[in-house]
Amino acid sequence: MTASDESHSSPVKEEVVSFYAKHEKIHPREVSGRFSRLRRIAVFALLGLFYLVPWLSWDGRQAVLFDLPARKFYIWGLVLWPQDFIFLTWLLVLLGLSLFFFTALAGRLWCGYACPQTVWTEVFLWMERWIEGDRNRRIKLERAGWTPEKIRKKVAKHAVWIAFSLWTGISFVGFFVPIGTLIHDVARGDVSGWPLFWTLFYGGATYANAGFMREQVCKYMCPYARFQSAMFDRDTLIITYDQKRGEPRGARARGGDPALLGLGDCVDCTVCVQVCPTGIDIRNGLQYECIACAACIDACDTVMDKVGYPRGLIRYTTQHALDGRKTHIFRGRTLVYASLLMLIFLAGVVGLIHRKTADLDIIRDRNALYRETNNDEIENVYLLRILNKQMQSRTFSLAIEGLDYARIDGGSPHWLVNGGEVYTTAIRIDVPSGKIHGGQTLRLVLIDDSTGKRLLAEKARFIAPP
Amino acid sequence: MTIHLPTDEVPSKGWNRVGRDVAMVLWPSFLAAAVQTMVFFAIFDPVYLGEGTALAEIISSHNAGYALGFFFFWAFTTLASALTVYLVRTEAAQ
């Protein structure tokens with residue numbers, strides 16, 4: 001539209017309406033107290049595990065290694081094969097149920113203390129604070145022009161962030177590729193193909209998520225943030241501002257008696273807003289943006305101590321407690337989640353203990369249905385794949401069940417199968433001609449020679465002329 | 001003494017609507033594709049799957065198979081998510 005057009009246009013002013021509020025970069029103020037200490041412990045414990053575990057060894061190999069090319073997962077003494085996929089499903093179900101249970105009990109504990117988004121953002125904030133200074137300095141720096149000082153600080157921050165992200169990427173890939181060789185390759189500048197790609201992918205995601213996207217991820221991308229309220233009830237621990245006690249809020253001289261001034265306990269210092277990583281005001285009530293990090297509790301407690309009021313104006317409490325009623329920890333919802341959790345946990349542990357330590361695949365020879373031998377016998381040929389899931393080598397043998405007169409040609413051999421390996425072989429099974437007509441099903445039983453124990457039985461079809 | 005601290009923030013441009021839509025499409029589809037990849041490749045071995053097909057040369061190693069599988073799944077989950085967002089956005093006002 002040109003200027004002349006505009007003069008003739010209708011008097012109604014056109015306005016661009018944005019569907020979303022303009023985002024403002026949040027500079028959370030640093031906070032100290034009980035809950036921030038708890039989060040620091042959680043960060044060290046969780047990230048400590050993440051960065052350390054790939055370096056642990058067990059039995060001469062990496063203790064935890066998800067060896068994708070070999071399709072084997074090593075978790076200390078346990079080796080999981082694709083056949084054990086059910087245990088991965090079990091673990092996912094268990095994690096999902098735990099999330100439900102803890103959310104019902106104590107709200108968004110996951111978000112505040114354990115979510116990778118929170119944990120890595122916290123570490124990135126430490127680095128930011130270390131290089132750029134506290135909140136006021138960071139805001140000043142943001143507003144300042146591009147002075148050499150600002151350039152130096154920004155370059156330093158991003159360099160540290162990128163280095164840390166790359167290390168994170170390498171540690172992540174170290175769960176899938178032996179980390180010793182990986183580091184060796186990195187040192188020689190010879191990381192190739194997929195390991196390099198996934199290092200950059202995971203490292204890049206860390207850099208973007210923890211450095212830039214931060215609370216936006218929780219606000220716009222996280223499905224859990226949207227549906228967690230379905231697990232809440234009036235007995236769930238939430239972080240709330242005690243409106244009855246705090247209002248009417250207002251600044252006051254130190255030592256002023258709120259009752260005489262006609263004020264509540266909230267001194268309206270807004271520190272609770274400044275420390276909030278998602279930039280909300282907890283005094284407006286429970287909001288879905290709240291990740292329950294409890295930074296506002298620590299901040300408010302500190303201020304209450306300073307002005308000499310009792311702590312807990314912002315605190316962990318339940319809706320029932322706020323209404324002056326009793327809080328029930330044991331209630332339908334938590335009991336159902338807890339018993340489901342226990343049941344599934346036990347079922348999985350029992351399954352793991354009774355897991356088959358070997359596997360047997362039987363494939364009928366495709367070339368011929370059967371063969372008549374010189375000894376007047378009917379012969380079928382089978383291809384066997386014996387899988388030793390344990391890490392020690394074992395010797396196996398085979399027995400036939402369910403088919404009379406059947407015998408393995410030459411007797412059952414004893415196969416030595418190395419730990420964690422597959423052994424492929426062929427056997428011939430013979431039955432005297434007069435003893436069998438048409439097809440019959442037999443069972444091949446795999447026996448552990450050292451213990452003489454039957455490990456498992458697999459069915460196979462024996463075919464003879466009618 | 002009154003307790004007063006600055007509450008002002010530096011306004012800066014954040015994610016606009018397109019940015020948020022992109023995030024809302026990419027992230028759930030990423031999660032779905034990740035789970036899909038795990039389940040699928042726990043059952044099927046990519047190298048055996050590729051045998052005798054036009055993809056045999058590309059899926060020459062397990063790592064290539066897993067990665068290509070993941071991006072293949074992600075492409076289609078992204079398409080589904082994008083269509084959903086598009087339908088929601090273009091729905092006539094009730």
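All chains are named by letter (A, B, ...) in the order of the sequence lines, taking the proteins before the strands, and each is independently numbered beginning at 1.
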Task: Partner residues of A:I179 under the side-chain contact (heavy atoms from CB on, under 4.5 Å) criterion, sequence neighbours left out - done: A:P54, A:W55, A:Q62, A:I183
TODO: Could you have a look at B:D45, B:I43, B:V39 and say which one has the most heavy-atom pairs with chain A under 4.5 angstrom?
DONE: B:D45
TODO: Could you check which of B:P46, B:S61, B:G19, B:A64 has the highest count of heavy-atom pairs closer than 4.5 Å to chain A?
DONE: B:A64
- [ ] Mind listing the closest non-hydrogen atom pair of B:F41 and A:R71 along with its distance?
- [x] O-NH2, 2.7 Å
TODO: Side-chain contact test, heavy atoms from C-beta onward, threshold under 4.5 Å: evaluate it for B:N63 versus A:P69 and give yes or no.
DONE: yes
Open item on the list: So for A:F73, is it side chain, backbone, both, or neither that comes closer than 4.5 Å to the heavy atoms of chain B?
Closed with: neither
Open item on the list: Tell me if the CG atom of A:L91 is crowded by more than 12 foreign heavy atoms within 6.0 Å.
Closed with: yes
Open item on the list: Please find the pair of heavy atoms, one from B:A67 and one from A:W194, that lie closest to each other, and give the distance.
Closed with: CB-CZ3, 3.3 Å
- [ ] Tabulate, in ascending numerical order, the residues of residues 68-80 of chain B having at least one heavy atom closer than 4.5 Å to a heavy atom of chain A, or enter 'none'.
- [x] B:F70, B:F71, B:W74
- [ ] Could you tell me which residues satisfy salt bridge (charged side-chain N to carboxylate O under 4.0 Å, His left out) with A:R283, sequence neighbours excluded, listed by chain and number?
- [x] A:D268, A:D281
Open item on the list: Looking at B:Y48, I want to see if its OH is surrounded by more than 12 non-hydrogen atoms of other residues, nucleotides or ligands under 6.0 Å.
Closed with: no
- [ ] For residues B:W27 and A:M221, report the shortest heavy-atom separation together with the two atoms involved.
- [x] CD1-O, 3.0 Å
- [ ] Report, as yes or no, whether the 6.0 Å neighbourhood of atom CZ on A:R226 holds more than 12 heavy atoms from other residues, nucleotides or ligands.
- [x] yes
Open item on the list: Tell me the closest heavy-atom pair linking A:P82 and B:A42, and the distance in Å.
Closed with: CB-O, 3.4 Å
Task: Chi angles and distances behind the side-chain contact (heavy atoms from CB on, under 4.5 Å) call for B:M38, A:L92 - done: CA-CA 11 Å; B:M38 270 199 297; A:L92 289 177; 4.1 Å; yes
Task: For A:D265, salt bridge (charged side-chain N to carboxylate O under 4.0 Å, His left out) partners two or more places apart - done: A:R245
- [ ] Under 4.5 Å, counting heavy-atom pairs only, tell me which of A:F176, A:F197, A:W198, A:F212 racks up the most with chain B.
- [x] A:W198
Open item on the list: Between B:Y66 and A:L68 (side chain of the first, backbone of the second, donor and acceptor by atom type, cut-off under 3.5 Å), is there such a pair?
Closed with: yes
